[in-house]
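In what follows, a structure is listed as structure tokens, so that the remarks can point back to it.
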Amino acid sequence: MSKTFIVNLVSQTSFAQKNASVIHLLQKLMDILKDDKKIMDCQKVWSLPSLPFNFMVKYNADAIKFVEEYVASGKSGLYGISDWNIVQKERKGKTAYIDTRIKCSDAGAGKHDYGYSISLIFQSDVARKLMQGGMEKIVEKMAQVISADIGRIDYTAYYLGGGIISSESIAIAAKWMYPDDIDLTGLIPGASWWTLLSAQHFSKLGGKEEIMKRAPCFAVHDISTGTYEALALQLSPDPFDTREDDYAILRQYLRPVLPPVNIYSLAFELNVGNIPLSRIKQLVTDEELAQAESLRSISNPELRSKSMEANKK
């Protein structure tokens with residue numbers, strides 16, 4: 001399974017009109033790639049509900065400006081820049097260069113709806129160019145603009161599709177149909193190369209100052225503003241050259257704010273093989289892994305059912 005570079009940011013409060021400026025930041029991110037015709041000539045702007053055109057709008061400043069104005073009007077929706085449809089129709093068998101999604105909604109409309117969610121997925125070579133252009137700094141600005149509660153940047157072989165939030169830890173914590181159904185109040189999706197902690201997580205880890213002193217990572221960036229408190233934990237200097245042991249150490253430190261492992265979900269993931277075993281060993285204890293191994297003889301439909309029953313307790 002080829003690796004992809006994933007960015008997730010989530011705000012758990014209803015989006016505000018000022019958050020439309022995040023669209024400008026998305027454009028700034030894409031501008032790093034603007035001279036690469038191979039990548040940019042196949043990018044299309046899309047929207048749900050659909051933009052008022054009868055064709056896909058090619059990426060350009062005017063298209064982004066239109067989406068920004070649409071969001072600024074206060075309308076909920078899903079917006080993005082992607083070549084995913086082109087891959088499906090014209091470049092079958094090749095990895096999409098870019099798939100971006102920005103979701104604006106009224107928090108609380110559903111059981112665990114989030115007000116503003118950003119999901120960015122990049123093919124490895126694209127991600128390297130973006131990192132050289134300072135992608136993580138733009139992501140930090142995005143987090144500030146939407147007052148993100150949780151977030152991550154990760155280089156991984158696994159992507160849990162179907163929802164804006166994606167994480168191996170969530171898959172192991174609760175095997176639901178869509179990861180957006182997971183209540184992450186006071187929790188984070190998982191331990192990542194770049195992990196966002198907001199004010200709701202600080203007390204569980206000893207407080208903001210203690211986190212800045214003791215977090216087992218390369219750097220802790222204070223990205224707080226006058227109205228927003230957040231820290232970004234950077235695990236290593238380079239996301240493409242990070243040791244597996246580093247993730248395991250960070251996960252142990254972040255355990256108080258991670259979703260609890262659901263043994264039935266873990267057994268399900270071991271059976272289907274979506275998450276490499278080497279990665280699973282970073283996410284769970286030896287005891288949890290042994291318990292899940294003993295349940296693998298149970299059928300997958302029954303494991304999913306037992307997982308959902310366990311989540312309700």
Any donor-acceptor pair under 3.5 Å from [X] side chain to [Y] backbone:
{"X": "Trp193", "Y": "Gln234", "value": "no"}
{"X": "Arg251", "Y": "Leu283", "value": "yes"}
{"X": "Thr242", "Y": "Asp238", "value": "yes"}
{"X": "Ser11", "Y": "Ala148", "value": "no"}
{"X": "Gln144", "Y": "Ile223", "value": "yes"}
{"X": "Asp83", "Y": "Tyr97", "value": "yes"}
{"X": "Gln43", "Y": "Ile39", "value": "yes"}
{"X": "Asp31", "Y": "Lys34", "value": "no"}

Requested in this report: May I have the step-by-step check of side-chain contact (heavy atoms from CB on, under 4.5 Å) for Ile98 and Leu33, ending in yes or no?
Outcome: CA-CA 11 Å; Ile98 296 167; Leu33 306 169; 3.7 Å; yes

Count the heavy atoms belonging to other residues, nucleotides or ligands that lie under 6.0 Å from [atom1] of [X], then report whether that count exceeds 12.
{"X": "Lys141", "atom1": "NZ", "result": "no"}
{"X": "Tyr264", "atom1": "OH", "result": "no"}
{"X": "Arg214", "atom1": "CZ", "result": "no"}

Provide the closest heavy-atom pair for [X] versus [Y] in the form atom of the first, atom of the second, distance.
{"X": "Pro259", "Y": "Pro189", "value": "CD-O, 4.3 Å"}
{"X": "Ala267", "Y": "Arg296", "value": "O-CG, 4.3 Å"}
{"X": "Ser82", "Y": "Asp99", "value": "OG-OD1, 3.4 Å"}
{"X": "Asn271", "Y": "Asn300", "value": "ND2-OD1, 3.0 Å"}
{"X": "Ser192", "Y": "Asp154", "value": "OG-OD2, 3.2 Å"}
{"X": "Ser169", "Y": "Gly190", "value": "OG-CA, 3.5 Å"}

In Å, rounded to the nearest 0.5 Å, how long is the span from [atom1] of [X] to [atom2] of [Y]?
{"X": "Ile263", "Y": "Glu287", "atom1": "CD1", "atom2": "CD", "answer": "8.0 Å"}
{"X": "Ile138", "Y": "Leu29", "atom1": "CD1", "atom2": "CG", "answer": "5.0 Å"}
{"X": "Leu9", "Y": "Ile118", "atom1": "CG", "atom2": "CD1", "answer": "5.0 Å"}
{"X": "Ser278", "Y": "Ile280", "atom1": "OG", "atom2": "CD1", "answer": "8.5 Å"}
{"X": "Glu309", "Y": "Glu302", "atom1": "CD", "atom2": "CD", "answer": "9.0 Å"}
{"X": "Ile81", "Y": "Leu26", "atom1": "CD1", "atom2": "CG", "answer": "4.0 Å"}

Report task. Quick one: list whatever passes ring-ring contact (aromatic ring centres under 6.0 Å, His included) with Phe5, sequence neighbours left out. Result -> Phe240

Query raised in the report: Is there a path from Tyr253 to Ile249 through hydrophobic residues (I, L, V, M, F, W, Y) whose side chains come within less than 4.5 Å of each other?
Result: no

Query raised in the report: After noting the C-alpha distance and the side-chain angles of Ile172 and Asn262, does the key distance pass the side-chain contact (heavy atoms from CB on, under 4.5 Å) rule?
Result: CA-CA 6 Å; Ile172 290 172; Asn262 182 318; over 6 Å; no

**Report entry** No-hydrogen, no-angle side-chain donor-acceptor test under 3.5 Å, Ser224 and Lys208
**Finding:** yes

Query raised in the report: Is it the case that Thr285 and Glu288 place a side-chain donor and acceptor less than 3.5 Å from each other?
Result: yes

Report task. Quick one: do Val139 and Ile153 satisfy side-chain contact (heavy atoms from CB on, under 4.5 Å)? Show the steps, please. Result -> CA-CA 9 Å; Val139 172; Ile153 302 176; 4.0 Å; yes

**Report entry** Leu187/Leu258 under side-chain contact (heavy atoms from CB on, under 4.5 Å): CA gap, chis, key distance, verdict
**Finding:** CA-CA 5 Å; Leu187 303 174; Leu258 293 177; over 6 Å; no

Could you tell me whether the side chain of [Y] reaches within less than 4.5 Å of the side chain of [X], counting heavy atoms only?
{"X": "Leu289", "Y": "Leu270", "value": "yes"}
{"X": "Ile211", "Y": "Leu233", "value": "yes"}
{"X": "Leu235", "Y": "Leu250", "value": "yes"}
{"X": "Asp222", "Y": "Leu231", "value": "yes"}
{"X": "Pro256", "Y": "Leu205", "value": "yes"}
{"X": "Ile121", "Y": "Thr100", "value": "no"}
{"X": "Thr195", "Y": "Ile188", "value": "yes"}

Report all side-chain donor-acceptor pairs from residues 124-134 shorter than 3.5 Å, counting only partners two or more places apart or in another chain.
residue: Ser124; atom: OG; partner: Lys3; partner atom: O; Å: 3.4
residue: Ser124; atom: OG; partner: Tyr155; partner atom: OH; Å: 3.2
residue: Lys129; atom: NZ; partner: Asp36; partner atom: OD2; Å: 2.2

**Report entry** Summary of ring pair (Phe, Tyr, Trp, His ring centres under 6.0 Å) pairs that have at least one residue in residues 198-222, sequence neighbours excluded
**Finding:** none

Query raised in the report: Hey, mind stepping through Lys281 and Asp286 against salt bridge (Lys or Arg N to Asp or Glu O under 4.0 Å) and telling me if it holds?
Result: CA-CA 8 Å; Lys281 288 181 178 179; Asp286 290 342; over 6 Å; no

